[in-house]
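The block underneath contains the structure these notes are about, expressed in structure tokens.
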2 protein chains.
Amino acid sequence: MMERKTPQLAAIKQVFIDNHSPMRLEEVLNKAKSIVPGLGQATVYRWIKNLLKIGWIVAVNGPNSSILYEKAGKGHHHHFFCRRCGSMHEIQGTCIEASNVSIPSGFVVEDHELTIYGLCPSCS
Amino acid sequence: MMERKTPQLAAIKQVFIDNHSPMRLEEVLNKAKSIVPGLGQATVYRWIKNLLKIGWIVAVNGPNSSILYEKAGKGHHHHFFCRRCGSMHEIQGTCIEASNVSIPSGFVVEDHELTIYGLCPSCS
DNA sequence: GTCGTTGCAAAGCCTTTGCAGGGAA
DNA sequence: TTCCCTGCAAAGGCTTTGCAACGAC
């Protein structure tokens with residue numbers, strides 16, 4: 001994949017660099033549109049797919065089976081979802097190592113994902 | 001909601017009683033169809049929505065933002081997703097209490113969901 | 001000039017909804 | 001008889017794809 005430096009791709013990347021909370025695709029689209037007004041949604045769909053494939057961003061499972069995206073390479077962390085305002089927050093320094101979990105024999109653990117639900121500081 | 005005892009609803013419930021792993025809606029539909037051949041997908045969509053609302057089943061976030069469903073009232077447990085065969089397993093007795101997690105002040109924890117990724121016994 | 005990239009619109013999925021007939025109570 | 005439930009098909013909503021024009025290199 002030879003990436004060409006287009007304003008559209010630059011805008012999409014910038015959105016991920018500027019925003020640390022995981023975002024829905026529509027949020028990425030809107031934020032990127034404010035940088036490149038004519039940006040089409042198909043372009044965002046295509047680049048998110050590509051950026052996922054090359055590992056520049058990662059997908060996070062959000063509530064209601066939504067998919068959220070965030071920039072990769074931020075180290076292991078978990079996510080907190082506020083049930084009142086619907087916001088998603090990164091929770092740093094709360095790593096639960098897989099070794100702390102007693103898995104039945106036979107299962108090979110590679111990775112894990114933890115989502116905490118509750119109220120964020122603004123809503124509690 | 002006054003539930004009438006129809007063969008369709010009985011079949012859908014039976015599928016959840018017989019299968020302990022979380023299932024995609026399509027799986028529920030197919031299994032229920034083997035009990036009630038003419039079963040329409042709209043009926044399954046409608047009953048899954050209702051059973052969720054009354055808390056008879058619960059939704060689980062699956063990989064790729066898929067939604068999985070399982071019978072409620074099985075106690076707190078986590079899920080293991082096999083990356084090779086795509087199967088989802090219940091992991092009992094591995095409860096990570098929210099109190100074990102150091103959450104920044106201001107956040108009110110109500111619940112959590114843990115998904116472990118790796119290889120199941122059949123695939124490892 | 002080449003060919004990756006883009007925006008638009010059409011096409012594809014999956015899920016929900018409208019509706020008339022059927023059947024549980 | 002009442003009216004909840006069902007299956008079918010149409011409608012919605014979100015994502016992907018086809019295509020011709022554009023533009024990075």
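Chain A is the first sequence line, chain B the second, and so forth, proteins listed ahead of strands; every chain is numbered from 1.
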Rounded distance in Å - [atom1] ([X]) to [atom2] ([N]):
| X | N | atom1 | atom2 | answer |
| --- | --- | --- | --- | --- |
| A:Lys5 | D:dC22 | NZ | C1' | 20 Å |
| A:Tyr45 | D:dG13 | OH | P | 13 Å |
| A:Asn50 | C:dT5 | CG | P | 8 Å |
| A:Glu3 | D:dC25 | CD | P | 11 Å |
| B:Leu29 | D:dC8 | CG | P | 11 Å |
| A:Asn30 | D:dC14 | CG | P | 12 Å |
| B:Trp47 | C:dT15 | CH2 | C1' | 18 Å |
| A:Ile12 | C:dG7 | CD1 | P | 8 Å |

Base D:dG7 to side chain B:Arg46, donor-acceptor N/O within 3.5 Å cut-off: yes
If you go through the side-chain atoms of A:Arg4, does one of them form a donor-acceptor pair with the base of D:dC25 closer than 3.5 Å? no
Taking B:Ser124 for the side chain and A:Gly106 for the main chain, is one N or O donor matched with an acceptor at less than 3.5 Å? yes
Is a donor from one side chain sitting under 3.5 angstrom from an acceptor on the other, for A:His76 and A:His112? yes
Assess whether side chain to side chain contact (heavy atoms under 4.5 Å, CB included) is satisfied between A:Glu3 and A:Lys13, documenting all intermediate values. CA-CA 12 Å; A:Glu3 281 181 24; A:Lys13 282 187 169 180; 3.3 Å; yes
If you look at every strand shown and take non-hydrogen atoms under 4.0 Å, does A:Leu25 touch a base, only sugar-phosphate, or nothing? nothing
The side chain of [X] is closest to which nucleotide in this list: [options]?
| X | options | value |
| --- | --- | --- |
| B:Thr6 | D:dC5, C:dT17, D:dT15 | D:dC5 |
| A:Leu39 | C:dG7, C:dT5, D:dC8 | C:dG7 |
| B:Gln41 | C:dT15, D:dA24, C:dA25 | C:dT15 |

Please tell me if the side chains of A:Phe80 and A:Glu90 come closer than 4.5 Å, counting only heavy atoms from C-beta onward. no
Using a cut-off of strictly less than 4.0 Å, decide whether A:Gln8 has a side-chain nitrogen or oxygen near OP1 or OP2 of C:dT6. yes
Can you work out whether B:Lys49 or B:Pro7 has the more 5'-proximal nearest nucleotide on DNA chain C? B:Lys49
Minimum heavy-atom separation for B:Ile12 to B:Thr43, with atom names? CD1-O, 4.3 Å
